[in-house]
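Because only heavy atoms are used, hydrogens play no part in the values below, and waters and symmetry mates are left out as well, while side chains stay in.
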There are 2 protein chains.
Amino acid sequence: MSARPIPRYQQLKDMIVERISCGELRPHDRVPSENELVQSMNVSRMTANRALRELTDEGYVHRVAGRGTFVADFRSRSHVLEVHNIADEITGRGHAHSCEVLRHSRQHARGEVAKALHLEQGVDVFHVLIVHFENAVPIQVEDRHIVADFAPGCLDQDFRTITPSAYLTSISPLQEAEQVVRAQDPNAAVRAYLQMAVGEPCLVVVRRTWSHGRPVTFARLHHPGPRYELTGHYTLPGTRKTTSPDVVQLENLQR
Amino acid sequence: MSARPIPRYQQLKDMIVERISCGELRPHDRVPSENELVQSMNVSRMTANRALRELTDEGYVHRVAGRGTFVADFRSRSHVLEVHNIADEITGRGHAHSCEVLRHSRQHARGEVAKALHLEQGVDVFHVLIVHFENAVPIQVEDRHIVADFAPGCLDQDFRTITPSAYLTSISPLQEAEQVVRAQDPNAAVRAYLQMAVGEPCLVVVRRTWSHGRPVTFARLHHPGPRYELTGHYTLPGTRKTTSPDVVQLENLQR
DNA sequence: TGTACTAGCCTGTATATACAACTTGGCGAG
DNA sequence: CTCGCCAAGTTGTATATACAGGCTAGTACA
């Protein structure tokens, strides 16, 4: 009945992930090599190899034969968890991204925000309200709350040049995310921001993201229904020699 | 400049995945043990171990110390790729699922359907139109086309007792999926099926799924905006000792 | 000065070996 | 007949060793 001891390779992984999570090891920093782990951790090289190899598969580190092992960019982590960075999405389409910061302030968490972020009423949070444009057409209203002590420098950021999600991923790796998508009629303010006609629905994404085991940000993203689609392409891990399917632009098939 | 040879462990993985994909090894079947692979493939046990261990991580097989290695249920594969099985979702909430099959026929692929499934005009497809109910409330209209020669027994299925997605995953593992989510006003027929008021938007999921490198099914799923949300919870691989966040029921935060 | 080479470190893979823990089936004692 | 135990097969982990190949810095040589 006694629990199995935690394997050595897992201890190594935990140790390295911890040093990454707490900021001791930052992206592009060099991680101890297999031989250094052999020395310092008193394991065999194969055990160190397994730990580092699995961390590679999991996206924590990046290895180059002949050079070493390096902490991966947080943003390159699992794409399902990637904070939906609207700026990258737009520039990836070859279009111009711009935005307008409507609010950027410190507030006290109340009601739903406090509940969503697991905070007591009145704890400090930052509130950001941004409208994002694709080629000058409004495409997203980002209404985001950020736990203040997770991002102390938040008010110093210029969110016209770095999106909140890019800023947050630069602080610490994001480890869990919860997402709810729904179709909803916008209120008057959102409709105005998105320049939508009366009666047009919004695609709303509500997303909470965890780091170090606690929720750190809570975002409501409103998109104009007629102009926006949430697309995803999923490939099973370990699939080889798969012909990447050309992403056919699916037209509106509803008759 | 010469390409690195494909490693032995990868060859083992490819061989086993191929035997699973082609149907030679079916879910719950026993996969050769490490020692059997040592004999038949002329590798060391550690190499066989690595192949089977990685297939475990990737969700292809399931291992039990003392018993052996077994092909995993296709449906237990990566949750991002899981065909959105509305019946499981509803029963998972403790509610009753029922459905009404409005159409279940063989057709010739035309226009968008042929294009989406990479078929020539006129090739045989099955067309299924089903309304799904949660506790007698309509919650999804499933409008699905299936490549005929992928699922020859399709017309013999009773989709009141097994959903199309469950049927399809029972045929072959699904390997890739493409999904588009949007908010859209329903047409009159969909609005009637879902018993929606005029002006209420739909959450529409359009999904294509690949198997063996070709698209095999194409589904349009209409959900009533006010009653339905698409939820997802994502955890990074390799995350340990994370307290599973209680999924707070996020209320409608829009004021 | 500049080029070519090499030593040394690194990752990537492969093997042989060892021991622990789990599961099942069979066998023997009661 | 039943219970308990043990042997065999299986996975899970750990180690030592070996060789191939990539990368870099420094050195020897022209």
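Distances shown here put a side-chain N or O of A/Thr69 below 4.0 Å from the OP1 or OP2 atom of C/dT11. For A/Arg30 and C/dC10, the shortest distance from a side-chain N or O to OP1 or OP2 is below 4.0 Å. Distances shorter than 4.0 Å separate none of the side-chain N or O atoms of A/Arg8 from OP1 or OP2 on D/dA14.
Partners of B/His95 under the ring pair (Phe, Tyr, Trp, His ring centres under 6.0 Å) rule, at least two apart in sequence or in another chain, do not exist in this structure. Legend: residues meeting salt bridge (charged side-chain N to carboxylate O under 4.0 Å, His left out) with A/Glu120, ordered by chain and number and at least two apart, are absent. Take B/Ser170 and apply the side chain to side chain donor-acceptor pair (under 3.5 Å) test, not counting sequence neighbours, and it matches no residue. Under the ring pair (Phe, Tyr, Trp, His ring centres under 6.0 Å) criterion, A/His212 pairs with no residue at all, not counting sequence neighbours. Checked against side chain to side chain donor-acceptor pair (under 3.5 Å), B/Tyr9 has the following partners two or more places apart in sequence or in another chain: B/Arg50. Legend: residues meeting side chain to side chain donor-acceptor pair (under 3.5 Å) with B/Arg8, ordered by chain and number and at least two apart, are B/Gln11. By the side-chain contact (heavy atoms from CB on, under 4.5 Å) test, A/Arg26 is found to be paired with A/Asp29, residues two or more places apart in sequence or in another chain being considered. Applying the side chain to side chain donor-acceptor pair (under 3.5 Å) rule to A/Asp156 yields no partners; only residues at least two apart in sequence or on another chain are considered. Not a single ring pair (Phe, Tyr, Trp, His ring centres under 6.0 Å) links B/His62 to another residue, sequence neighbours left out.
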Scoring nucleotides 3-8 of chain C by protein non-hydrogen atoms under 4.0 Å (B base, S sugar-phosphate only, - none) yields ------
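Heavy atoms from other residues, nucleotides or ligands lying under 6.0 Å from CZ of A/Arg160 number 12 at most.
Taking every side-chain heavy atom of A/Val43 into account, D/dT15 is the closest of D/dT11, C/dC10, D/dT15. Taking the side chain of A/Ala65 as heavy atoms from C-beta on, and the options C/dA14, D/dA14, D/dG21, the nearest nucleotide is D/dG21. Closest approach to the B/Ser44 side chain among C/dC10, C/dA16, D/dC23 is made by C/dA16 (side chain taken as heavy atoms from C-beta onward). When distances are taken from the side chain of B/Arg67 to each of D/dT13, D/dT11, C/dT23, the shortest belongs to C/dT23.
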Considering only nitrogen or oxygen atoms on both sides, find all protein atoms under 3.5 Å from nucleotides 4-7 of chain D and state each distance.
none

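Side-chain N/O atoms of A/Arg63 and base N/O atoms of D/dG22 include no donor-acceptor pair closer than 3.5 Å.
Taking OG1 of B/Thr217 as the reference point, atom CZ of B/Arg207 lies at 10.0 Å (rounded to 0.5 Å).
Near DNA chain D, defined here as any heavy-atom distance below 4.0 Å, the residues from residues 46-54 of chain B are B/Met46, B/Asn49, listed numerically.
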